[in-house]
Q: 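Handing you a structure now.
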Amino acid sequence: MKRTMLRHFRLLLLLCTTLGAQATFGQTSSPTDTLRYAVDAQQLRQHWDGWGVSLCWWAGQCGKWDDEKIDEIISWLVSPDGLNYSHFRYNIGGGDDPQNRHCTPHHMGKGKGLRAEMEGFKDFSGDQYHWERDAAQRKIMLKIREKRPDAVFEAFSNSCPYYMTWSGCVGGNADGSKDNLRPEYYEEFAHYLVDVCKHYKDAYGIEFKTLEPFNESATSYWYRDGSQEGCHFDYQSQIAFLRVLAPILRESGLSTILSASDETSVAHSVKAFEAYRDAGVLPLVGQWNTHTYEADNNLRKRLCQLTHKAGKPLWMSETGAGGKGIGGNLKMAQRLMDDVRHLQPEAWFDWQYMEERSDQWCVIQGSFQGQTYSRVKNYYVRQQCSRFIKRGYDIVASDCPQSLAAVSAGRDTLVLVLLNEGDKAVHQISLPHLRKLPRPKKIKAYRTSPGENMSSVRHAVCRKGTTLSVALPPQSITTLLVPLRK
């Protein structure tokens, strides 16, 4: 490691002298890519509200653990020195048929695992609410609120209870392209969702900011005996259900607003938004949510334009990806940057916090049953953004796709996150709107690479006038904290 750092220092010294020359470590080293671009700290984009993660399904497992272990993993999640996450999505379970009359027992175990089995609060129409259920996910949510009093919560549904469905199964219809909620149950399902929200307010003092009744509903992913709860709604069915749900939520006395439509792709999200707009139901929706499992930057920009024109707050409410090693983690970091830069959401969410058999779809990995866990590389990659771009900051303009820039609420710090998925690279960052840059030793730098985990890096930055030059080793992500003069 010392030899590697020495080579990096030599490269940096050469860069400080040449400021733009191609540099090599020797005849066997590949040329260094140099990215030259500007950051305008005065050109504000979106106001940042925070980073988050769904509680479905890891919380339903980890909530059964010993208290000291729960304390530690939640501290890793919410503390300012950890991931600094402040937004969380609670899953209102539908609940499958306890008698399995129309589906195979434990059918979710063949796909997403038994962790995907969610408890419903009712077993049949007219049943009383069984509020003692879902204790594990609730325990995690309450622990988050205890350690992070400013936490923001959303309630979301993957499926209505089984007895409201056409198939009798919360996995979806027998035909995944068809709706599974029977229209005659629209009102009862609406009351079910609102009653759960009201219970958490009355019993625990948690008032959900938003209620999202759909999840990737325009897809054909959800089918009977499927691997998780899911419910197809075509766009017209979504619109019809919102017209039933909105007045029931409004009359509840809650300050909770509706969010929609949580489609899996930005293309589907654009179509849903346009359908809502054309049907005149956008006023019923207080916030727009989208996933970015499938997205390109043109569609991101299109959805950004639509939501801004309509005055709707926007969340990127779920995403994740596979891959291998730090390469997969950095590819996910590029998606994060594309989302924040082009979609311009106010909050950005991971899908899972903990997984058992993956170091890609999570940031900690372990055994739910064995109560073992550890942080994986993805934790530190994500932390390069979430620890330093804080709630209340503003995202600012940057000309480079492999970068993210933000300015603090007090306008005294510029945060620059710099990504390098390939070989050696140099980021040359022009800051023409700043009158004077601090000396390099005043700029703090943190880096995650194959051999580093959010490590403090000395001598990382070279300055010439209002241009910073930063040498990035292969497969790395670096965060700079640049003090600003007022």
Side-chain angles (χ1 to χ4, degrees), residues 50-79 82-95 106 108-109 111-119 133-148 151-159 206 208 212 215-216 227-230 262 291 293 317-322 328-329 332 347-383 386:
W51 307 88
V53 68
S54 168
L55 302 183
C56 170
W57 301 294
W58 65 273
Q61 304 302 311
C62 296
K64 302 170 186 175
W65 287 6
D66 297 337
D67 286 345
E68 63 271 17
K69 294 182 177 181
I70 293 175
D71 279 337
E72 183 168 50
I73 64 169
I74 299 305
S75 292
W76 287 358
L77 177 62
V78 305
S79 70
L83 281 176
N84 194 35
Y85 280 15
S86 58
H87 288 52
F88 305 93
R89 305 183 72 225
Y90 170 82
N91 183 209
I92 300 177
H106 303 300
M108 296 176 193
K112 305 295 172 59
L114 295 180
R115 61 182 181 150
E117 292 183 347
M118 297 297 299
E119 293 181 291
R133 294 179 180 173
D134 199 28
Q137 187 182 191
R138 178 168 56 248
K139 185 171 184 177
I140 292 293
M141 184 163 62
L142 293 175
K143 180 59 69 173
I144 288 171
R145 199 263 307 270
E146 174 190 321
K147 289 182 173 290
R148 185 84 194 221
V152 175
F153 295 100
E154 174 173 78
F156 78 101
S157 167
N158 287 327
S159 174
I206 290 180
F208 295 107
E212 165 59 277
N215 176 61
E216 301 181 352
S227 61
Q228 69 173 81
E229 292 193 349
D262 264 325
H291 303 173
Y293 291 109
S317 53
E318 183 185 315
T319 198
N329 302 155
M332 187 65 234
W348 190 96
F349 291 75
D350 275 305
W351 167 227
Q352 290 292 301
Y353 179 48
M354 178 176 172
E355 286 275 16
E356 290 189 306
R357 294 180 292 275
S358 171
D359 65 353
Q360 302 290 311
W361 286 85
C362 60
V363 293
I364 66 172
Q365 185 180 14
S367 167
F368 291 128
Q369 182 146 6
Q371 297 191 28
T372 59
Y373 52 93
S374 62
R375 288 172 281 205
V376 295
K377 184 66 72 173
N378 211 21
Y379 181 96
Y380 303 102
V381 170
R382 196 74 78 252
Q383 199 180 23
S386 64

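This structure is a prediction, so every number in the text was calculated from the model and none was measured.
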Q: Could you pull out the closest heavy-atom pair between Met108 and Ala116, with the gap in Å?
A: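 It is SD-O, 3.2 Å.
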Q: Side chains of Trp361 and Asn378: does their closest heavy-atom pair fall under 4.5 Å?
A: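 Of all side-chain heavy-atom pairs linking Asn378 with Trp361, none is under 4.5 Å.
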Q: Is the side chain of Tyr90 donor-acceptor paired with the backbone N or O of Phe208 at a distance under 3.5 Å, no angle test?
A: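 Looks like no, no N/O pair under 3.5 Å.
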Q: Taking the six-membered ring of Trp51, is the NZ or CZ of Arg382 close enough (under 6.0 Å from the centre) and on axis enough (within 45°)?
A: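 Output no; distance or angle outside limits.
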Q: Check Ile92 against Ala155 and note the closest heavy-atom contact, atom names and distance.
A: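 Heavy atoms only, the tightest pair is CD1-CB, 3.8 Å.
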Q: Verify, without hydrogens or angle tests, whether Gln137 (side chain) and Asn91 (backbone) share a donor-acceptor contact under 3.5 angstrom.
A: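 Between the backbone of Asn91 and the side chain of Gln137 there is a qualifying donor-acceptor contact (under 3.5 Å).
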Q: Can you tell me how the ring of Phe368 sits relative to the ring of Trp65, calling it parallel under 30°, perpendicular over 60° and tilted otherwise?
A: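 Rings of Phe368 and Trp65: tilted, 30 to 60°.
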Q: Strictly by modelled atom types, are Glu154 and His87 linked by a side-chain donor-acceptor pair under 3.5 Å?
A: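 Side chains of Glu154 and His87: no pair found under 3.5 Å.
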Q: Does a sphere of radius 6.0 Å around CD in Gln369 hold more than 12 heavy atoms from other residues, nucleotides or ligands, not counting ones at 6.0 Å or beyond?
A: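 Counting neighbours around CD of Gln369, 12 or fewer heavy atoms of other residues, nucleotides or ligands fall under 6.0 Å, so no.
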Q: Applying the side-chain contact (heavy atoms from CB on, under 4.5 Å) criterion to Leu142, which one of Arg138, Lys139, Glu146 satisfies it?
A: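 In the set Arg138, Lys139, Glu146, the residue that makes a side-chain contact (heavy atoms from CB on, under 4.5 Å) with Leu142 is Arg138.
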Q: If you take all heavy atoms of Ser386 and Asn84, which pair is closest and at what distance?
A: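 Taking every non-hydrogen atom into account, O-ND2, 3.1 Å.
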Q: Would you check, one step at a time, whether the test ring-ring contact (aromatic ring centres under 6.0 Å, His included) holds for Trp57 with Trp351?
A: CA-CA 9 Å; Trp57 301 294; Trp351 167 227; 5.1 Å; yes
Q: In terms of side-chain heavy atoms, does Glu216 have a donor or acceptor partner in Tyr293 at a distance below 3.5 Å?
A: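 Glu216 vs Tyr293: no donor-acceptor pair found between side chains.
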Q: For the residue pair Met332 and Thr319, establish whether any side-chain heavy-atom pair is separated by less than 4.5 Å.
A: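 In contact.
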Q: Checking the side chain of Ser159 only, and the main-chain atoms of Gly94 only, is there a donor and an acceptor separated by less than 3.5 Å?
A: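 The answer is no, because no donor-acceptor pair under 3.5 Å joins these two groups.
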Q: Would you say the side-chain atoms of Gln228 pair up with the backbone N or O of Lys112, donor to acceptor, closer than 3.5 Å?
A: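 Between the backbone of Lys112 and the side chain of Gln228 there is no qualifying donor-acceptor contact (under 3.5 Å).
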Q: Which heavy atom in Gly60 sits nearest to a heavy atom in Lys64, and how many Å separate them?
A: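 Scanning both residues completely, I find the closest heavy atoms to be O-CE, 3.1 Å.
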Q: Does Lys69 offer a backbone N or O that forms a donor-acceptor pair with the side chain of Gln371 under 3.5 Å?
A: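 No: the side chain of Gln371 does not pair with the backbone of Lys69.
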Q: Given 3.5 Å as the limit, does a donor-acceptor pair link the side chain of Tyr85 with the main chain of Asp350, or not?
A: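 Such a contact is absent between Tyr85 side chain and Asp350 backbone.
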Q: I want to check something: taking the side chain as every heavy atom from C-beta on, are Ile144 and Leu55 in contact at a cut-off of under 4.5 Å?
A: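 Yes, side chains in contact.
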Q: Is there a donor-acceptor pair closer than 3.5 Å between any side-chain N or O of Asp134 and the backbone N or O of Glu119?
A: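 Absent.
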